[in-house]
Amino acid sequence: MKLISLVEILAQANQGRYAVGGFNINNLEFLQGIIGAAEELNSPLILQTSEGAMKYIGIDYVIGMVDAAVKNSPIPVALHLDHGSSFAVVMKCIRMGYSSVMFDGSHFPFEENIRLTKQVIEAAHAVGVSVEAELGKLGGTEDDLSVDEKDATFTDPEQAVEFVERTGVDALAVAIGTAHGVYKGKPELDFERLKTIKDKTNIPIVLHGASGLSDDDLKKAISLGVNKVNVNTDFQQVFAAKIREIFRNDRELYDPRKYCGPGRTAIKEKVMEKIRVLGSANQA
Ligand code: G3H
Ligand code: ZN
């Protein structure tokens with residue numbers, strides 16, 4: 001399998017001031033729609049699986065599908081674990097062939113987050129696998145991960161500097177007002193905080209919970225130093241909406257190719273839209 005780590009992909013993005021999509025796959029149609037869009041726009045790509053998606057698809061199937069997708073692909077692709085919750089799950093992914101992992105220790109106290117992240121980085125870097133970590137706590141829900149709005153905490157810039165220095169992490173996910181899942185009101189992002197974190201650390205910054213953000217907010221965040229933009233819900237929504245529409249028009253339909261196929265096309269179109277906003281087209 002021909003996969004590369006985030007280091008190569010994000011170093012280029014950091015230099016060129018654009019962002020690469022960290023796009024979540026939930027099934028075969030997601031994978032095909034996403035990689036099809038990235039290939040058509042000649043964009044680098046970060047395919048990622050949450051632990052929930054890994055359980056749903058089965059890790060062997062993830063590896064098999066991604067292998068089939070990338071082996072003849074002309075674009076650089078990373079396969080990344082999203083929100084890894086333990087050293088054990090990270091090790092499992094690395095052993096299976098993931099080229100990158102996220103260890104999400106954001107729910108632990110600062111020192112514990114550093115200790116656990118360092119442990120992961122030491123093992124991952126020894127075999128050329130990149131590591132994303134998170135500091136600050138995002139609100140919202142993704143799979144089994146749920147954080148009440150009142151428990152969400154923004155990333156402290158001083159802590160970010162210390163975290164990056166002490167861990168040697170490759171990319172840092174920050175909490176600046178985004179949330180996982182569907183937004184209840186209009187998201188208000190703390191751009192000042194983002195700028196300070198980037199200026200002080202100068203490492204690739206990751207924006208989680210990017211579904212539902214306006215193009216202007218995304219572009220501004222990228223101009224201030226975001227280099228990886230995570231999207232899942234937006235693609236789930238267009239897939240579901242297309243299938244609902246098809247069944248509204250034909251209640252007797254039963255061939256999955258006739259609703260999953262158009263669902264896949266809807267994902268591809270949405271991914272192309274995102275890639276254009278992120279600025280990664282023609283950067284492969
Ligand atoms: O880690 C994945 C993302 O942060 C996805 O968030 O579903 O709100 O787009 P989203
Ligand atoms: Zn996330």
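In each ligand, atom 1 is the first atom listed, and ligand 1 is the first ligand listed.
Residues Ser100 and Glu132 bring no donor and acceptor atom of their side chains to less than 3.5 Å of each other. Side-chain N/O atoms of Ser106 and Asp104 include a donor and acceptor closer than 3.5 Å.
If you look at His208 and ask which of its N, O or S atoms sits nearest the Zn ion (ligand 2), the answer is ND1. Within His180, NE2 is the N, O or S atom that lies nearest to the Zn ion (ligand 2).
Taking each of Thr141, Asn232, Asp82, Leu138 in turn, the one with a heavy atom nearest to atom 2 (C) of ligand 1 proves to be Asp82.
Against a heavy-atom cut-off of under 4.0 Å, Val231 is close to the following atoms of ligand 1: 9 (O). Of all atoms in ligand 1, numbered sequentially from 1 with element shown, those under 4.0 Å from a heavy atom of His83 are 1 (O). In summary, the atoms of ligand 1 found under 4.0 Å from a heavy atom of Thr233, numbered by their order in the structure, are 7 (O), 8 (O), 9 (O), 10 (P). Per-residue contacts place Asn24 under 4.0 angstrom from the following atoms of ligand 1 (heavy atoms of the residue considered): 2 (C).
The cationic atom of Lys274 (NZ for Lys, CZ for Arg) does not lie both less than 6.0 Å from the six-membered ring centre of Phe23 and within 45° of the ring axis.
Side-chain rings of Phe30 and Phe239 approach one another, their centers coming within less than 6.0 Å.
Distance from atom 4 (O) of ligand 1 to its nearest protein heavy atom, with residue and atom name: Gly209 N, 2.8 Å. With hydrogens left out, the protein atom closest to atom 3 (C) of ligand 1 is Asn230 CB, 3.3 Å, a heavy atom. Looking only at heavy atoms of the protein, atom 9 (O) of ligand 1 is closest to Ser211 OG, 2.5 Å. For atom 8 (O) of ligand 1, the nearest non-hydrogen atom of the protein is Gly181 N, 2.9 Å.
The shortest N/O to N/O separation between His180 and ligand 1 falls below 3.5 Å.
With Lys200 as the partner, the salt bridge (Lys or Arg N to Asp or Glu O under 4.0 Å) test is satisfied by one option alone out of Glu162, Glu158, Glu165: Glu158.
One distance of note links CG of Leu47 with OG of Ser99; it measures 9.0 Å at 0.5 Å rounding. Separation of atoms NZ (Lys242) and NZ (Lys270) is listed at 13.0 Å; rounding is to 0.5 Å. With rounding to the nearest 0.5 angstrom, the OG1 atom of Thr233 is 8.5 Å from the NE2 atom of His180.
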